[in-house]
Structure formats: C-alpha cells, structure tokens
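In this text the structure is predicted, and so the values were computed from the model without any measurement. For ligands, and for the atoms within them, numbers begin at 1 and follow the listed sequence.
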Amino acid sequence: MVSSVAPPGAGVALEENPVATLDWAALQQRVENCTRCPLHETRTRTVFGTGNRNADWLIIGEAPGRDEDREGEPFVGRAGKLLTEILFAAGYQREDVYIANILKCRPPNNRDPSPEEVACCHAYLERQIELIQPALILAVGRIAAHNLLHSDLQVGRLRGRVHRYGQRQIPLIVTYHPAYLLRSPLEKRKVWDDLQLAQETYRKYLAGITDNN
Ligand code: URA
C-alpha cells in the first residue's frame with residue numbers, strides 16, 4: 001500500500017522559504033496569507049504597499065487605518081490624501097514613490113502597534129526595502145520613526161537631520177504624520193522643511209552617482 005503521509009519536512013520547506021529570499025509576487029502572497037500575529041483575525045484586507053517598486057523614495061507610515069483595511073492600499077483615508085498633497089508639493093506623484101507601513105494589518109481601533117506585532121511584520125518590510133533599494137526613506141510619524149531608528153525620542157527631536165538605516169546606510173528622514181497635521185495644521189511648515197531636507201539629501205545622492213561615473 002502506498003503511504004499518503006509526506007516525509008517529515010516535505011511541503012513545509014516550500015511554504016517556509018525565508019521571507020528574505022522571496023520575490024515581489026511571493027512576498028505579496030506571503031503577506032496576504034499571513035497569520036503570524038492575532039491581527040489576521042480582525043483585518044479585512046492586508047495592506048502590502050503601493051507605488052513604484054523601483055522608486056528612489058520610500059515612504060513608511062505606521063499601519064493601516066479603517067479605510068486602508070477596507071481598500072487594501074496604504075494612505076487612502078484623510079491622512080493619506082494629505083500625504084498625497086505633501087508629496088505633490090515636493091514634486092512627486094504617489095506613483096513615483098513607494099508607500100508602505102510598519103504593519104501590514106490594521107490594529108483594532110487604530111491603537112498603537114504592539115512590539116510583538118511589529119516584530120512579526122518586520123521581515124516583510126525589510127524584504128520590501130531590500131527589493132526596492134531606495135535612495136531615501138521618509139519615516140512619517142512616531143511609530144515609523146521609533147521602530148526604524150530604535151529610538152524613543154519625540155518626532156520633534158528626530159526630524160531635521162539625516163539618519164541612516166540598515167546595512168546599506170540608507171539616508172532616513174523623519175517627519176510628522178499627516179494625521180497629526182490634520183490636528184495641528186500649523187506644523188505643516190515643519191513638514192515642508194523636512195521635505196526640503198529630503199530633496200537636498202536626494203540631490204546629493206544623485207550628485208554622488210554622477211561624481212562616481
Ligand atoms: N496611517 C498610516 O500610518 N498608514 C496608513 O496606511 C494610513 C494611515
């Protein structure tokens with residue numbers, strides 16, 4: 001009689017390819033099927049990320065809210081519309097950049113992500129960064145800044161300078177979250193300054209490429 005029992009490890013191996021080895025399609029699929037943390041029980045849709053996968057600018061926010069959870073796309077609610085306007089003011093369309101979040105699933109009632117949820121999701125964002133290889137990361141808001149920089153300083157203390165992210169030492173700039181700007185519109189001026197810093201940093205990156213050739 002032929003046994004239908006698979007040898008130990010068969011099947012699992014295919015499913016468990018490390019996230020760090022996945023291409024875009026496999027990564028997106030892995031996120032869609034993710035059950036690593038309890039947020040999968042309450043999400044409507046995963047929110048993988050959107051935009052140009054060859055972008056030089058990567059925008060990283062916090063986590064999907066109600067609108068994003070429903071639509072499966074980051075920054076589509078009121079805060080998202082403001083982010084789109086901010087990018088436009090800096091000369092970018094949404095489609096020019098890549099937009100992702102620290103978490104791929106919505107925390108109930110938009111509470112802060114827990115450290116465990118961030119840890120479960122981290123490999124996905126890390127792989128996205130590796131595939132995109134952006135020239136610049138813009139961390140929008142406290143949660144993105146704290147988790148990317150492993151810092152608990154206030155956004156006001158982290159903005160205004162160029163940080164470096166990961167092994168590639170990608171320039172990272174922190175700015176306020178658009179949801180905060182909706183509550184405190186007078187802070188928009190500072191976000192404008194942060195975008196000027198981002199543009200200047202990016203120009204230097206481009207000049208470096210030109211200089212080296
Ligand atoms: N806020 C975020 O940080 N990300 C989103 O996608 C939506 C709102």
Among Ala63, Gly61, Ala179, whose heavy atom sits nearest atom 5 (C) of ligand 1?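 Result: the heavy atom closest to atom 5 (C) of ligand 1 is in Ala63.
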
As a test of understanding, state which of Asp112, Asp152, Asn147 forms a side-chain hydrogen bond (donor to acceptor under 3.5 Å, both in side chains) with Arg142.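 Of the listed options, the one satisfying the test is Asp112.
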
What closest approach, in Å, do Pro107 and Ala63 show between heavy atoms, and which atom pair accounts for it?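 Of all heavy-atom pairs spanning Pro107 and Ala63, the closest is CD-CB, 3.7 Å.
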
Closest approach of Leu131 to Leu27 (non-hydrogen atoms, all atoms of both residues):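 Result for this residue pair: CD1-CD2, 4.0 Å.
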
Gly65 N/O to ligand 1 N/O under 3.5 Å: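 Between Gly65 and ligand 1 (N or O atoms, distance only) the closest approach is not under 3.5 Å.
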
Tell me the protein heavy atom at minimum distance from atom 1 (N) of ligand 1, and give that distance in Å.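 Answer for atom 1 (N) of ligand 1: His177 NE2, 3.2 Å.
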
At what distance is the nearest protein heavy atom to atom 4 (N) of ligand 1, and which residue and atom is it?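 Sorting protein heavy atoms by distance from atom 4 (N) of ligand 1 puts Asn101 OD1, 2.8 Å first.
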
Identify whether the distance between the nearest side-chain nitrogen and carboxylate oxygen of Arg45 and Glu32 falls below 4.0 Å.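 Here Arg45 does not pair with Glu32 in a salt bridge, since their nearest N and O are not under 4.0 Å apart.
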
Looking at Arg78 and Asp67, does any basic side-chain N land under 4.0 Å from a carboxylate oxygen?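 Judged by the 4.0 Å cut-off on N to carboxylate O distance, Arg78 and Asp67 do not form a salt bridge.
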
Counting only heavy atoms, which portion of Glu68 has something under 4.0 Å from ligand 1: side chain, backbone, both, or neither?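 The answer is the side chain of Glu68.
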
Under a 3.5 Å distance rule, please check whether His40 uses its side chain to pair with a backbone N or O of Thr46 as donor and acceptor.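 Pair absent, no side-chain N/O of His40 close to backbone of Thr46.
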
Show the atoms of ligand 1 that are less than 4.0 angstrom away from any heavy atom in Pro74.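 Matching atoms, with element in brackets: 6 (O).
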
Hey, does Glu73 sit under 4.0 Å from ligand 1 if you only count heavy atoms?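 No, that is not the case, since the closest heavy atom of the residue is not under 4.0 Å from the ligand.
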
